[in-house]
Number of protein chains: 2
Amino acid sequence: MSIDKVARVAGVSTATVSRVLNGNPGVKPLTREKVLAAIATCDYQPNLLARQLRTSRSNMLLVLVSSILNPFCAGVVRGIEEEAEKNGYHILLCNSESRLNRESAYLRLLSGKVVDGVITMDAISCLPGLTALIGDSPWVQCGEGDPGYNASSVTIDNGLAAKAAVDYLVEQGYQRIAMINGDVRYLYASQREAGYREACEGRWQQVVYTESLEYQAGFQAMEQLLALPDKPDAVFAISDSLAGGALACAHQRGLKVPEQLAIVGFDGIPFGEITTPPLTTIAQPIHQLGVRSVQLLLERIDNPAMTPVYEMLPWSLVQRGSA
Amino acid sequence: MSIDKVARVAGVSTATVSRVLNGNPGVKPLTREKVLAAIATCDYQPNLLARQLRTSRSNMLLVLVSSILNPFCAGVVRGIEEEAEKNGYHILLCNSESRLNRESAYLRLLSGKVVDGVITMDAISCLPGLTALIGDSPWVQCGEGDPGYNASSVTIDNGLAAKAAVDYLVEQGYQRIAMINGDVRYLYASQREAGYREACEGRWQQVVYTESLEYQAGFQAMEQLLALPDKPDAVFAISDSLAGGALACAHQRGLKVPEQLAIVGFDGIPFGEITTPPLTTIAQPIHQLGVRSVQLLLERIDNPAMTPVYEMLPWSLVQRGSA
DNA sequence: CTGTTAGCGCGTTCAG
DNA sequence: CTGAACGCGCTAACAG
């Protein structure tokens, strides 16, 4: 069931079978027919590993994600997969959950030639050991961009977007605007905090940090804020899921949203449309972030000498009921 | 930067380098040192493709999922990844979105020896072309089990669980219990519907079908139900996300939950804990479904002649505020 | 304990 | 237009 057998059955050489397999021109139609027939009768399936070894191209992309349970990440992955498929690539997904040894195990596939390049959606730039594993392999950062590396990036302007969200709350007349932030080792987190600080300059400020981006974390963060002597009347959360948790907490406390407490989220995931009230949020171009990441990565794979591109995609403030 | 160079630098043969690389016993400590030193100075990274070709083992598992945006699927994938990592395996994720050509492109990696086995969480048994692509490769069905194939499966007893959910609604005194179902080509969907029908025998019955499992679909389904001349006073939804959409619709209509409308979901995803009121639901052992799937798959990989195992894991009715 | 040899299955020169 | 021969980088069998 290898190419030799097909060749024997067809009465040709392996080279000819290979040519037919790869749509190589310059095979007499009659010969091609014979080969195709042999392939069919043998039920031949090419060994992709051998092909990859020979061509030193795997047509596989590694995608490193902090948590696949995060709908924002999942949405980006969908975009990645779509564009990858268009170009004949497959996806190897590493759901790191910030586990260092898991991440390095996957990154080793880069030097091992199992994947042609990597897209990271994790705070990888904080982990020097990992960037060393990537070395000069084709690399695109998605969702946050640290220009300190030989990697392209696809993001939005996190600082500006955060500032716009908080400015909006200010315009609506809210006085004490708090922020629920995540892990500030992520560049996007610190950039959004900077945007918040800028918009709140000379005003009341309060930031709470969570360990994860899951609903429960947002709920707990909101509890902390409501336990303050000076309670906020508005909250800017760094993700819609955190905002959703905060909203649940407000409901439980009997707070009217947005009258007594306004909430603005970030990301623009579908979940935000069905909360009561629906979430006002900063919508990221989720799908497009994935698509562009793949496009830039493939460019880099085809031309390893290419200089990194730092791309910022447009975002928008989506005004719904929560603020 | 291949094994030959390391061998030359260390002054040994490639075989010895290989032995050191694979922790093979029977290498003189001194020689081992020399080899390790050479590996370090060369900054040598083994070519995994070559190794995989040689050993005809890739240590990769294909995971076929209908939608990664579904938190249930994402949770299972997490379990899969954890158990895979424990055993030195990596995951190749195909987010099929029911796209036939995407699924077949990934399944071809099976015959292409790029992956050692596959776990499917999709209604693959409805698609004869795909099962043919799998052939006799190691295969585990997760979340639904069609015994008509040479594949193990890990599921819960969907019929019984659905019946328990509806029985609970009956016990609470609800009279007109409707069901929001998804795509019945999925075995689990038809099994849960059977459970619903059984519990509702001799009573009012009404089933609405959705195209997807996303919130919006649940919202729309609920709208359909509320447009009925004879409205339901309770709803059993096939997934928590659909239930969440239904809940949002109820809120928008000003219906009190659970007094005027009770809602029971299915899956037990974290989202259900933060809705108002929180969702009563059937909790599946999400993580464990993934873990066991990998375990059964690895057994099958090690012993291809193994007869399929059909495993059912325990579930539970989690009583919260929505019913 | 170590080296030599022989493939794994394929794509790709280079002749003819 | 086709075939013979080589090698991608590695592991495994067999000698020594």
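- A close approach under 4.0 Å does not occur between any side-chain nitrogen or oxygen of B:Asn47 and OP1 or OP2 of D:dC8.
- In this structure, B:Ala50 and A:Asn22 both approach DNA chain C, and ranking their closest nucleotides by distance from the 5' end singles out B:Ala50.
- Just one of A:Asp4, A:Val12, A:Leu36 meets the side-chain contact (heavy atoms from CB on, under 4.5 Å) condition when paired with A:Val17; it is A:Val12.
- When the P atom of D:dC8 is taken as reference, atom CZ of B:Arg51 falls 18 Å away, rounded to whole Å.
- The A:Lys28 side chain lies nearest to D:dC1 when the options are C:dT2, D:dT11, D:dC1.
- Comparing B:Pro46 and A:Ala15, the nucleotide of DNA chain D nearest to each residue sits closer to the 5' end for A:Ala15.
- For B:Ser2, taking side-chain heavy atoms from C-beta onward, the closest of the listed nucleotides C:dT12, D:dG9, C:dG3 is D:dG9.
- The shortest heavy-atom contact between B:Gly117 and B:Ile301 is N-CD1, 4.3 Å.
- Rounded to an integer number of Å, the gap from CZ of B:Arg57 to C1' of D:dG9 is 20 Å.
- Between the P atom of D:dG7 and the CG atom of B:Leu53 lies a distance of 17 Å, rounded to the nearest Å.
- With rounding to whole Å, A:Ile3 atom CD1 is found 14 Å from D:dA4 atom P.
- Between B:Ser18 and the phosphate of D:dA12, there is no side-chain N or O to OP1/OP2 separation shorter than 4.0 Å.
- In terms of heavy-atom proximity, A:Tyr89 sits nearest to A:Leu61 at CD2-CD1, 3.3 Å.
- Counting heavy atoms of neighbouring residues, nucleotides and ligands inside a 6.0 Å radius, atom CZ of B:Arg57 exceeds 12 of them.
- Between B:Ser13 and C:dT4, a side-chain N or O to OP1/OP2 separation shorter than 4.0 Å is absent.
- No N or O donor and acceptor, one from the side chain of B:Arg54 and one from the base of C:dG9, sit under 3.5 Å apart.
- Summarising the geometry, the separation between CG on B:Asn24 and C1' on C:dC1 is reported as 12 Å, rounded to the nearest angstrom.
- Comparing D:dC10, D:dA4, C:dG11 by their closest approach to the side chain of B:Tyr44 singles out D:dC10.
- Side-chain proximity of B:Val12 to the nucleotides C:dG3, C:dC1, D:dG9 is greatest for C:dG3.
- The distance from atom CG of B:Asn59 to atom P of D:dT11 is 12 Å, rounded to the nearest whole Å.
- Contact annotation: the side chain of A:Ile39 approaches that of A:Val35 to within less than 4.5 Å [non-hydrogen atoms, C-beta and beyond].
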